[in-house]
There are 2 protein chains.
Amino acid sequence: MESVFEIIAEPNRRAILSLLVSSQQSVGEIERQLRMPQPTVSKHLRVLREAGFVESTVDAQRRLYRLRPAPFQEVDAWLAQFRRFWSVHVDALERHLDRMDQSPPTKRKTKEKTTRPKPRT
Amino acid sequence: MESVFEIIAEPNRRAILSLLVSSQQSVGEIERQLRMPQPTVSKHLRVLREAGFVESTVDAQRRLYRLRPAPFQEVDAWLAQFRRFWSVHVDALERHLDRMDQSPPTKRKTKEKTTRPKPRT
DNA sequence: AGAGCATATACGTGTCAAGGTATATTTAGG
DNA sequence: CCTAAATATACCTTGACACGTATATGCTCT
C-alpha cells in the first residue's frame, strides 16, 4: 500500500472520504451511514490515517475522524500534467462539433482504424 | 477492474500515461523507455484502452497509442469535492504561520490528542 | 510464399489486500 | 469494581491481479 492511488482505489475508502467532507464523524456514525461492519470501517480508517488522508481526535470512547489535505494535493499534482492536455481536447471537440453544424458529414477514407475503448456500464 | 481509480493505482500504468503526455508512442517505444517486457506493456495498454484512458491507431505493424481525456476528467470530478476543503486548510495554515511569526508559542492545554499519520518515505 | 519484426494473448504462479468472525482494549457510569 | 459501549486488532480465507514465459496473430518486404 505504498501510493496514495492505491489508497483511493478502494470504493469503501472513497465513500468514507466523501462522508468526511461535510464534517468530522465518529466510527459509529460512519458505520451506520455506510452500512458497513465496524471492523471494516476501523481497518479502512487505519489505512487512511497511515496514508495521511485523515486524522483522529479522541472524544471519550469515540474517535472523531476528519480529513487532511496533503494526499489530495498529491493526487491533484499528478493530475496536473494531464490537465493542459484534456482542456485542449475539449476545445478540439467543440471545434469539431461546430464544423459538423455547418457541413454535412463527408465520407473519409478510413485507412486508419481507431480502436475505441469499451463502453463503460 | 471497475473504476478509473483502480486503473491508475498501478505504477507501471501511471508511467505509461505520463509517457504519453508528450506525444503518442508505439508499444516498442514505450517498452524501451520504461524498460519493461513487451507483454507487460501490451497488457497494461489493453487495460488502459478498455478503461478509456488511451486509444490506438494502426500504423503498419506498429500501434500508436495516445491519451483520451474522459477518465482524467472523471478523476478530477471526484477530486473536486475535496478541493474547496483543502484550499481552506492551506489558508488556515498560512494564517497560523503568520501568527507564529508575531507571538512566541503559547503552552496550550492539550486535552485532545491528535493522531498523526505515519511519515511517508 | 516465406522470413522477420511488432504486438497481442494464453497459461501457470505467487502475492497481497479485503472481508468475516472473534476477541482485545479503552472509557464512562452506576 | 463491574458492565456496557465504542473502537481496534488478530487470524483465517478467498479472490484478484501483476508477472514471466511461451506462443499466436498480423503486417511488410523480398
Polar pair under 3.5 Å, donor/acceptor by atom type, side chain B:Gln38, base C:dA8: yes

No-hydrogen, no-angle side-chain donor-acceptor test under 3.5 Å, B:Thr57 and B:Arg66: yes

Candidate nucleotides C:dA18, C:dA10, C:dT21, ranked by approach to the side chain of A:Lys43 - the nearest: C:dT21

Closest listed nucleotide, where the reference is the side chain of A:His44 and the choices are C:dA18, D:dC11, D:dG20: C:dA18

From D:dT7, C:dG19, D:dA18, nucleotide with atom closest to B:Arg13 side chain: D:dA18

Closest to the B:Val27 side chain, choosing from D:dG20, C:dT7, D:dT7: C:dT7

Rounded distance (Å) that lies between atom C1' of C:dT21 and atom CE of A:Met36: 18 Å

Electrostatic pair A:Arg46:A:Glu50 at N-O distance under 4.0 angstrom: yes

Rounded distance in Å - CD (A:Glu50) to P (C:dA17): 12 Å

A:Asp59 CG - D:dA6 C1' separation (whole Å): 11 Å

Separation of D:dA8 C1' from A:Ile30 CD1 (nearest whole Å): 14 Å

Nucleotide D:dA8, atom C1' - distance to CG of A:Leu64 in whole Å: 16 Å

A:Glu2 CD - C:dT15 P separation (whole Å): 16 Å

Minimum-distance nucleotide (side-chain atoms of B:Gln61 versus C:dA6, C:dA18, C:dT9): C:dA6

Beyond-backbone contact of B:Val54 with B:Leu17, side-chain heavy atoms, under 4.5 angstrom: yes

Closest to side chain of A:Ala60, choosing from C:dT9, C:dT7, C:dA28: C:dA28

Nearest-nucleotide 5' precedence on DNA chain D, A:Gly28 against B:Pro39: A:Gly28

Nucleotide C:dC16, atom P - distance to CD of A:Glu10 in whole Å: 18 Å

Closest heavy-atom pair and its distance - A:Ser18, B:Trp78: OG-NE1, 4.1 Å

Touch class at under 4.0 angstrom, heavy-atom based, for A:Ser42 against every strand present: base

Touch class at under 4.0 angstrom, heavy-atom based, for B:Pro37 against every strand present: sugar-phosphate

Side-chain N,O (A:Arg46) to OP1/OP2 (D:dT9) below 4.0 Å: yes

B:Met1 CE to D:dG15 P, straight-line distance once rounded to whole Å: 17 Å

Closest to the B:Arg62 side chain, choosing from C:dA6, C:dA8, D:dC19: C:dA6

Aromatic plane relationship, B:Phe82 with A:Phe72 - under 30° parallel, 30 to 60° tilted, over 60° perpendicular: parallel

Sugar-phosphate only, base, or nothing, as touched by A:Glu6 at under 4.0 Å among non-hydrogen atoms: nothing

Distance test, side-chain N/O of B:Tyr65 to OP1/OP2 of C:dA8, below 4.0 Å: yes

D:dG26 phosphate, OP1 or OP2, under 4.0 Å from B:Arg63 side-chain N/O: no

Among A:Arg68, A:Arg63, A:Arg49, the one residue meeting salt bridge (charged side-chain N to carboxylate O under 4.0 Å, His left out) with A:Glu55: A:Arg68

